Amino acid sequence: MTYRIAPSILSANFAKLGEEVDNVLKSGADIVHFDVMDNHYVPNLTIGPLVCEALRKHGVTAPIDVHLMVKPVDRIIPDFAKAGATYITFHPEASEHIDRTIGLIRESGCKPGLVFNPATPLDVLDWTLDKLDMVLLMSVNPGFGGQKFIPHVLDKARKVRQMIEARGLEVSLEIDGGVGPANIMEVARAGVDTFVAGSAVFGAGKDNDPQRYNSIIASLRAELAKV
Ligand code: DX5
Ligand code: ZN
């Protein structure tokens, strides 16, 4: 299995975001996880397509994994596609027409994914999994960084991995919330291949050291090497 580390820029220093993203990618991260919050679907407000476009203009070429915590979803999808998003994931309960939203993401040239909150059932995957590039399991309730990992999500991960394998699909399984060196190995063993880590990564090291993310990314990879 190829493992990918996706630092969530929610915990980066927004006053120097371009530099933060450069540093974390230079330190070995694979994907930029981009949390979009609207103070409606979730009780917090973050960043939108302009910031995604600014990162592309800054020279970021790594995949940008846009996690939409917004309701409604469809209006903003073309804007993120134009802004250079690679993946666009959304919460099924935030869309009136899940299949249409998946199609819209695909038609816009991006890779669609569905996101499940810790208590959201997986039923819709029966009818959508073959149309997705990513399933994202929330291991905290969405809205904030720095929360504690909810362990029952490991059972969900095993279930989704089984579904992906049973259907012979190439869908990526990502987890988001409370992941760090202490639990990443256990999470990988449950079948996850892509790991969002916000506070664990951006909280590491001294602020003025451009290499400050090397050792945290290396320790995440060292744990993954034990799987
Ligand atoms: C929460 C966001 C996460 C968050 C994760 O709603 O979707 O991506 O940044 O942060 P940590 O890794 O600190 O739990
Ligand atoms: Zn996220």
Side-chain angles (χ1 to χ4, degrees), residues 3-14 17 20-21 24 27 29-49 51-52 55 62-71 73 76 80 85-94 105 110-120 132-154 156-157 172-188 192-205 213 216-217 219-221 223-224:
Y3 293 124
R4 299 184 299 176
I5 295 174
S8 162
I9 58 174
L10 185 62
S11 294
N13 180 348
F14 279 115
L17 189 57
E20 287 272 77
V21 171
V24 90
S27 304
D30 303 292
I31 297 180
V32 178
H33 185 79
F34 192 104
D35 286 308
V36 185
M37 304 186 187
D38 66 349
N39 188 37
H40 169 68
Y41 177 67
V42 289
N44 200 355
L45 187 64
T46 59
I47 47 179
V51 176
C52 184
L55 288 176
I64 298 182
D65 168 26
V66 172
H67 173 192
L68 293 180
M69 287 161 274
V70 305
K71 189 179 181 175
V73 179
I76 203 77
F80 269 107
T86 310
Y87 292 92
I88 300 182
T89 66
F90 67 99
H91 292 247
E93 64 274 28
I105 295 171
C110 298
K111 299 179 175 186
L114 279 178
V115 194
F116 296 89
N117 287 334
T120 305
L132 301 176
D133 282 293
M134 170 109 73
V135 173
L136 171 51
L137 296 178
M138 292 306 298
S139 38
V140 298
N141 288 295
F144 304 94
Q147 303 179 80
K148 208 166 165 272
F149 185 86
I150 298 172
H152 79 241
V153 176
L154 293 174
K156 270 177 128 172
S172 175
L173 180 53
E174 183 177 47
I175 204 153
D176 186 1
V179 174
N183 60 6
I184 194 168
M185 181 177 74
E186 198 187 0
V187 175
V192 171
D193 55 75
T194 303
F195 307 85
V196 176
S199 50
V201 169
F202 285 103
Y213 303 125
I216 178 66
I217 304 268
S219 57
L220 291 169
R221 291 224 188 269
E223 288 300 311
L224 289 172

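None of these values were measured; they are calculated from a predicted model. Each residue takes its place number in the sequence, starting with 1. Keep in mind that the numbers below use all heavy atoms, side chains included, and drop hydrogens, waters and symmetry copies. As the structure lists them, so they are numbered: ligands from 1, and atoms in each ligand from 1.
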In this structure, NZ of K71 is separated from CG of D38 (nearest 0.5 Å) by 10.0 Å
Across all chains, not counting sequence neighbours, the salt bridge (Lys or Arg N to Asp or Glu O under 4.0 Å) partners of D133 are R106
Here the gap from T46 atom OG1 to F34 atom CZ, rounded to the nearest 0.5 Å, amounts to 7.5 Å
- Message: Whether the side chain of K156 engages the backbone of T120 through a donor-acceptor N/O pair (distance < 3.5 Å, no angle test) should be reported.
- Response: yes
At a 4.0 angstrom heavy-atom cut-off, ligand 1 is contacted by S8, L10, H33, D35, M37, H67, M69, M138, P142, G143, F144, G145, G146, D176, G177, G178, V196, A197, G198, S199
task = Could you tell me whether a side-chain N or O of N141 sits under 3.5 Å from a main-chain N or O of P118, the two making a donor and an acceptor?
result = no
- May I ask you to test the I76-F90 pair for a side-chain heavy-atom distance under 4.5 Å? no
Sequence neighbours excluded and cut-off under 3.5 Å, please list the side-chain donor-acceptor pairs for residues 172-186, or say none.
residue : atom : partner : partner atom : Å
S172    : OG   : R4      : NH2          : 3.1
S172    : OG   : D193    : OD1          : 2.7
S172    : OG   : T194    : OG1          : 3.1
D176    : OD2  : H33     : NE2          : 3.1
D176    : OD2  : H67     : ND1          : 3.2
N183    : OD1  : G180    : N            : 2.9
N183    : ND2  : G178    : O            : 2.9

Counting only protein N, O or S atoms (no waters) closer than 2.8 Å to the Zn ion (ligand 2) gives 4
In terms of heavy-atom contacts, S11 and F202 come closest through O-CB, 3.1 Å
### Sub-4.5 Å side-chain heavy-atom contact between F195 and L224
yes
